[in-house]
Amino acid sequence: MALVVQKYGGSSVADAASIKRVAQRIVDAQRAGNQVTVVVSAMGDTTDELLDLAQQVSPDPPARELDMLLTAGERMSMAVLAMAISDLGAEARSYTGSQAGLITDRYHGQARIIDVTPGRIQAALDEGAIPIVAGFQGVAQDTKDITTLGRGGSDTTAVALAAALDADICEIYTDVDGVFSADPRIVPAARQVPFITYEEMLELAAHGAKVLHLRCVEYARRFNVPLRVRSSFTDKPGTLIVHDLEESTMEQPIISGVSQDLSEAKITVTNVPDRPGMAALVFETLAAIGVNLDMIVQNVSADGITDITFTLPTADAEKATEALQLRGDEIGFGALYTDLEIAKVSLVGAGMRSHPGVSATFFRTLAEAGVNVEMISTSEIRISVVTRKDSAAAAVKALHTAFGLDAEGEAVVYAGTGR
Ligand code: ADP
Ligand code: ASP
Ligand code: MG
């Protein structure tokens, strides 16, 4: 008997009819002889609607209360899904993240899982029941407050449970057929890949391909959890994430995908004195308020001063500016400019390592598409640029075509608003 963890995303459980359809899939998996544990997201766009509601009540809600509100979305879906399964004659029991043993640190809105103690889930499985766990949430080990894992975090709940239960497979059910060479909502000619390496999936997830939560991929790689992304609307096999493509007997393509990320902002600190320790002061100020930076560029200095530009999550831009302003005299910079209209476009492929000319094609393609490049960063298997938000889709499409990734047919998006 196999132990399967199945995670259903918001668009797969958007309404009563979808919940009944998913319930049937779950019961079928159990009747086929598997032990099934389910992780479920909030229905449709519920999380965004709860965030909108909080904004209407308070411009800056306390993080503890915001987390408590958001976890209500997953509580609703876990209970109704358990009801639908029960109607099909199987036994389902719903559990909040806390009841399922998802123990996190105390950072509201971006908590990390530090332990998983799934005693009640294992007991339910042993008794032949189907545990339904609310995704995206846990309980802080020290404060005992309810936390959330960050947007898209239900994927990580599923992998963490799969690791703790020693499951045979963790299946992420979503509204597209698997991992594609680009977001099918942006590039209709995107190609679904049967296999992708963890290494490439990590780069794609870290740079805007929200089909998998970044920490879910990190966790699966570290704990060796077999991970598959597939559609809840068809029986297609989807995409298996693998350590190495030899496992899949596939030849390594040069490029595996293109992604865009619209969630970052850019801040430029001008006229920073060009002395040892000044950059350290800037970045210590940002670290102290818990801001995660992405790209960093420092200009060549002229007349003993220099400009430093960095990108960070848009949601942190205001507090970063405030913190820097407070230490303005100490650092002695000129001005601060915040730009919210940027996008990051990335090209990912392990084959880049051994193929010359990838950068040349990349920048020539952007030039011909009229896309202006504002910042550049690379890893061994990725090239990213910052450009204007309204150039991003054109850049992604042009790169997808230039690197020969376009498929014949059109990719299907089964549901969801893409919000
Ligand atoms: P769920 O609600 O099931 O968690 P998400 O919206 O979080 O679904 O993730 C699925 C979406 O990810 C797809 O509908 C698609 O628009 C988007 N996406 C972005 N990049 C990719 C990619 N490379 N492959 C597949 N989907 C992608
Ligand atoms: N409901 C949460 C969100 O929308 C978590 C998830 O869907 O994974 O971000
Ligand atoms: Mg998701």
> Gly128 and Gln30: which non-hydrogen atoms are nearest, and at how many Å?
Replying inline: O-NE2, 3.1 Å

> Quick one: are Ile196 and Leu204 in side-chain contact, heavy atoms under 4.5 Å?
Replying inline: yes

> What do the steps show when you test Ser94 against Leu81 for side-chain contact (heavy atoms from CB on, under 4.5 Å), and what is the final call?
Replying inline: CA-CA 8 Å; Ser94 63; Leu81 183 56; over 6 Å; no

> Given Glu171 and Arg25, is the salt bridge (Lys or Arg N to Asp or Glu O under 4.0 Å) satisfied, shown in steps?
Replying inline: CA-CA 12 Å; Glu171 297 182 316; Arg25 285 192 83 108; over 6 Å; no

>> I'd like to check Leu286 versus Phe310 (side-chain heavy atoms, cut-off strictly below 4.5 Å). Are they in contact?
In response: yes

> Just wondering, more than 12 heavy atoms not from Glu318 lying within 6.0 Å of its CD?
Replying inline: no

>> Using a 3.5 Å distance criterion without hydrogens, assess whether the side chain of Asp406 forms a donor-acceptor pair with backbone atoms of Ala189.
In response: no

>> As an exercise, state the distance from CD1 of Ile381 to CD1 of Ile255, rounded to the nearest 0.5 Å.
In response: 9.5 Å

>> Looking at Gly238, is its backbone amide N or carbonyl O close enough to the side chain of Gln192 to form a donor-acceptor pair, meaning the two atoms are under 3.5 Å apart?
In response: yes

>> Ser384 and side-chain contact (heavy atoms from CB on, under 4.5 Å): which single residue from Ser259, Ser377, Ser379 fits?
In response: Ser377

> When you check the side-chain N and O atoms of Thr157 and Gln137, is any donor under 3.5 Å from an acceptor?
Replying inline: no

> What is the distance from atom NZ of Lys344 to atom OG1 of Thr387, rounded to the nearest 0.5 Å?
Replying inline: 13.5 Å

> Quick one: does Glu200's side chain have a donor or acceptor within less than 3.5 Å of a partner on Ala350's backbone?
Replying inline: yes

>> Regarding Glu264 and Lys266, does a basic nitrogen lie under 4.0 Å from an acidic carboxylate oxygen?
In response: no

>> Using the side-chain contact (heavy atoms from CB on, under 4.5 Å) criterion, which residues pair with Arg106? Sequence neighbours excluded.
In response: Ala140, Asp142, Thr143

> Between Asp175 and Arg185, is there a side-chain N and carboxylate O pair less than 4.0 Å apart?
Replying inline: yes

> Who passes side-chain hydrogen bond (donor to acceptor under 3.5 Å, both in side chains) against Arg120, sequence neighbours left out?
Replying inline: none

> Does CZ in Arg112 sit with more than 12 non-hydrogen atoms of other residues, nucleotides or ligands closer than 6.0 Å?
Replying inline: no

> Distance only, no hydrogens: is a donor on one side chain within 3.5 Å (strictly under) of an acceptor on the other, for Thr147 and Asp67?
Replying inline: no

> Going by an N to O cut-off under 4.0 Å, is there a salt bridge joining Asp48 and Arg151?
Replying inline: yes

> What residues, two or more places apart in sequence or in another chain, satisfy side-chain hydrogen bond (donor to acceptor under 3.5 Å, both in side chains) together with Asn299?
Replying inline: none

> Tell me the side chain to side chain donor-acceptor pair (under 3.5 Å) pairs involving residues 70-83, sequence neighbours left out?
Replying inline: none

> When rounded to the nearest 0.5 angstrom, what distance separates CZ in Phe195 from CD1 in Ile241?
Replying inline: 10.5 Å

> Should the pair Asp339-Arg388 be classified as a salt bridge under the 4.0 Å nitrogen-to-oxygen rule?
Replying inline: yes

>> Please check: side-chain N/O of Arg228 versus main-chain N/O of Pro237, any donor-acceptor pairing under 3.5 Å?
In response: yes

> Distance from Thr117 atom OG1 to Ile103 atom CD1, nearest 0.5 Å?
Replying inline: 4.5 Å

> Does Arg382 reach the main-chain N or O of Leu347 with its side chain, forming a donor-acceptor pair under 3.5 Å?
Replying inline: no

> Of all residues at least two apart in sequence or in a different chain, which pass the side-chain contact (heavy atoms from CB on, under 4.5 Å) check with Thr270?
Replying inline: Thr268, Asp307, Ala335, Tyr337

>> Would Asp155 and Val211 count as a side-chain contact (heavy atoms from CB on, under 4.5 Å) here? Give the steps.
In response: CA-CA 9 Å; Asp155 299 339; Val211 62; over 6 Å; no

> Is a side-chain N or O of Thr285 found less than 3.5 angstrom from the main chain of Leu281, in a donor-acceptor match?
Replying inline: yes

> Parallel, tilted or perpendicular: which fits the ring planes of Tyr414 and Phe233, with parallel below 30° and perpendicular above 60°?
Replying inline: parallel

>> With a 3.5 Å distance limit and no angle check, can you tell me whether Ser391 reaches the backbone of Val371 through a side-chain donor-acceptor pair?
In response: no

>> One pair to check against side-chain contact (heavy atoms from CB on, under 4.5 Å): Phe363 and Val385. What are the steps and the verdict?
In response: CA-CA 10 Å; Phe363 289 105; Val385 294; 3.7 Å; yes

>> Please check this pair: side chain of Thr401 against backbone of Lys397, looking for a donor-acceptor N/O pair closer than 3.5 Å.
In response: yes

>> Any donor-acceptor pair under 3.5 Å linking the side-chain atoms of Arg215 with those of Thr156?
In response: no

> If you count the non-hydrogen atoms of other residues, nucleotides and ligands that lie under 6.0 Å from CZ in Arg31, is the total more than 12?
Replying inline: yes

> Run the side-chain contact (heavy atoms from CB on, under 4.5 Å) check on Ser232 and Gln6 step by step: do they pass?
Replying inline: CA-CA 10 Å; Ser232 71; Gln6 299 189 333; over 6 Å; no

>> Suppose we screen for side-chain contact (heavy atoms from CB on, under 4.5 Å). Which residues come up paired with Asp52, at least two apart in sequence or across chains?
In response: Gln56, Arg419

>> Tell me whether Gln55 at atom CD has more than 12 heavy atoms from other residues, nucleotides or ligands lying less than 6.0 Å away.
In response: yes

> How many angstroms lie between atom CG of Leu50 and atom CE of Met68, to the nearest 0.5 angstrom?
Replying inline: 13.5 Å

> So, does Asp105 use its side chain to make a donor-acceptor pair with the main chain of Ala111 at under 3.5 Å?
Replying inline: no

> Can you tell me if OH on Tyr107 sees more than 12 non-hydrogen neighbours from other groups inside 6.0 Å?
Replying inline: no

>> Quick check against the 3.5 Å criterion: does Arg230 have a side-chain atom that pairs as donor or acceptor with the backbone of Lys236?
In response: yes

> Less than 4.0 Å between a side-chain N and a carboxylate O, is that true for Arg327 and Glu284?
Replying inline: no

